[in-house]
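Everything below concerns the one structure shown next.
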Amino acid sequence: MDLTGYLTSDEAAERLGINRQSLYNTANKSPDFPKPKKVGRTSMWPEKELDEWRARHPKRQTTEK
């Protein structure tokens with residue numbers, strides 16, 4: 001199986017700037033979030049689709065007080 005262009009959950013979370021639990025939560029709640037490919041028990045996320053999703057959903061800005 002060719003997994004070129006796929007990221008592990010840790011890599012996908014880091015790429016999106018979130019933690020791994022947030023990655024899973026977003027995948028379960030957001031209907032347009034890319035679906036992972038399962039390799040055994042490991043989820044492999046499509047890098048290009050994650051980048052496209054992030055472009056449509058910019059990271060929220062936090063305000064500092």
Just so I know, are the side chains of [X] and [Y] near enough to count as touching, which here means a heavy-atom distance under 4.5 Å?
| X | Y | answer |
| --- | --- | --- |
| Arg15 | Asp51 | yes |
| Val39 | Tyr6 | no |
| Ser43 | Lys38 | yes |

In this structure, CG of Leu23 is separated from CG of Leu16 (nearest 0.5 Å) by 6.5 Å
Applying side-chain contact (heavy atoms from CB on, under 4.5 Å), name anything that partners Glu11, two or more places apart in sequence or on another chain. Leu7, Thr8
Using the side-chain contact (heavy atoms from CB on, under 4.5 Å) criterion, which residues pair with Arg56? Sequence neighbours excluded. Asp32, Glu52, Trp53
Does Lys48, at its NZ atom, have more than 12 non-hydrogen atoms belonging to other residues, nucleotides or ligands within less than 6.0 Å? no
Checking Ser9 now: which residues fulfil side-chain hydrogen bond (donor to acceptor under 3.5 Å, both in side chains) with it, not counting sequence neighbours?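 Once residues adjacent in sequence are excluded, the partners of Ser9 under the side-chain hydrogen bond (donor to acceptor under 3.5 Å, both in side chains) criterion are Tyr24, Trp45.
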Going by atom types only, do Asn25 and Ser22 share a side-chain donor-acceptor pair under 3.5 Å? no
